[in-house]
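Since this is a predicted model, take the numbers as computed values, not measurements.
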Amino acid sequence: MKFFKRFFFLFISPAICVFGLDFHSKMLAQKLVNSHEFGFGTFMYAKNYGAILGLYSDVPKFIFIISLSTIAVFLLCLAFTIFYFLPRTLIAAPLGLSLLISGILGNAFDRFQNGFVTDFLAFHIGSKSTPYMNIADLAQWVGYILLLYALTIGATKIWRPDNSRKRLIVNKAF
């Protein structure tokens, strides 16, 4: 029971929040007529027919949908496995995976619904500007950073030399 409670609070709850926030922000962005500047960025409605930063926009829709569906199912299975084997004290990995998957699902839902992904936010750093993105894209980047943190800084909690979790993925005798 503790496993499912932890799974809900560290994976399902953040995913629902990000998905809902992304969905509503995209609906608001579709009502933008002009671009709006703020301190370090711009709000402007943009349609993204490709994948990452508009790449692969010329791939047939059927192959694109099958590829996204396969990746989403793989990541969900990976999330459940990671939750089972990771120590309870390491929160960055499951939370990062939750943000990553919810961002992917948010953009996939938008693509299925509209045929494109709604982007509306760009950041300015000096004279440079980022490509337009949305809340789902931001969640994915934060998820990647949290996973990278978990695999580098939190590595001693994942691969413990004394195996104090008493759960082996591969039997040493094998």
Side-chain angles (χ1 to χ4, degrees), residues 3-83 86 91-125 128-150:
F3 174 78
F4 290 108
K5 188 184 276 189
R6 182 174 177 265
F7 187 75
F8 178 78
F9 285 114
L10 286 178
F11 187 80
I12 302 296
S13 295
I16 290 171
C17 291
V18 167
F19 188 84
L21 182 63
D22 178 60
F23 179 77
H24 289 296
S25 66
K26 287 176 181 175
M27 290 186 62
L28 289 173
Q30 290 175 357
K31 296 176 184 177
L32 287 173
V33 179
N34 299 321
S35 65
H36 301 282
E37 299 283 331
F38 63 95
F40 53 90
T42 303
F43 285 118
M44 187 177 92
Y45 177 63
K47 296 178 181 178
N48 181 355
Y49 290 95
I52 301 167
L53 304 175
L55 297 173
Y56 310 115
S57 57
D58 56 346
V59 173
K61 189 173 183 177
F62 176 74
I63 293 174
F64 201 74
I65 290 171
I66 294 296
S67 300
L68 285 177
S69 302
T70 304
I71 290 169
V73 169
F74 171 74
L75 287 174
L76 287 172
C77 292
L78 181 65
F80 199 76
T81 304
I82 283 176
F83 263 91
L86 283 182
I91 296 174
L95 185 60
L97 200 56
S98 172
L99 294 175
L100 177 63
I101 290 174
S102 63
I104 290 171
L105 292 177
N107 282 341
F109 181 78
D110 196 31
R111 185 172 308 283
F112 290 137
Q113 186 179 25
N114 300 321
F116 56 86
V117 174
T118 302
D119 289 334
F120 57 89
L121 180 63
F123 295 105
H124 307 297
I125 302 165
K128 305 288 183 189
S129 181
T130 65
Y132 280 92
M133 61 184 76
N134 54 43
I135 302 296
D137 296 333
L138 291 173
Q140 288 178 48
W141 282 106
V142 171
Y144 287 129
I145 290 168
L146 286 173
L147 283 172
L148 185 63
Y149 169 80

How many angstroms lie between atom [atom1] of [X] and atom [atom2] of [Y], to the nearest 0.5 angstrom?
X: Leu148; Y: Tyr144; atom1: CG; atom2: OH; answer: 12.0 Å
X: Asp137; Y: Asn107; atom1: CG; atom2: CG; answer: 5.0 Å
X: Asp110; Y: Asp119; atom1: CG; atom2: CG; answer: 8.5 Å
X: Gln140; Y: Ile145; atom1: CD; atom2: CD1; answer: 12.0 Å
X: Phe123; Y: Leu138; atom1: CZ; atom2: CG; answer: 5.0 Å
X: Asn114; Y: Phe109; atom1: CG; atom2: CZ; answer: 8.5 Å

Donor-acceptor contacts, no H, no angles, side chain residues 39-47, under 3.5 Å, sequence neighbours left out:
from	atom 1	to	atom 2	distance (Å)
Thr42	OG1	Glu37	OE1	3.2
Thr42	OG1	Glu37	OE2	3.2
Thr42	OG1	His124	NE2	2.6

For the residue pair [X] and [Y], establish whether any side-chain heavy-atom pair is separated by less than 4.5 Å.
X: Val117; Y: Tyr132; answer: no
X: Asn134; Y: Asn48; answer: no
X: Ile101; Y: Phe11; answer: yes
X: Phe38; Y: Leu121; answer: yes

Where is the tightest heavy-atom contact between [X] and [Y], given as atom of each residue plus distance?
X: Ala93; Y: Leu147; value: O-CD2, 3.5 Å
X: Pro14; Y: Ser98; value: CB-OG, 3.6 Å
X: Ser25; Y: Ile135; value: OG-CG1, 3.3 Å
X: Ser102; Y: Phe19; value: O-CD1, 4.4 Å

Original post:
Which residues satisfy the side chain to side chain donor-acceptor pair (under 3.5 Å) test with Asp22, sequence neighbours excluded?
Top reply: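 Side chain to side chain donor-acceptor pair (under 3.5 Å) check on Asp22 returns Lys26.
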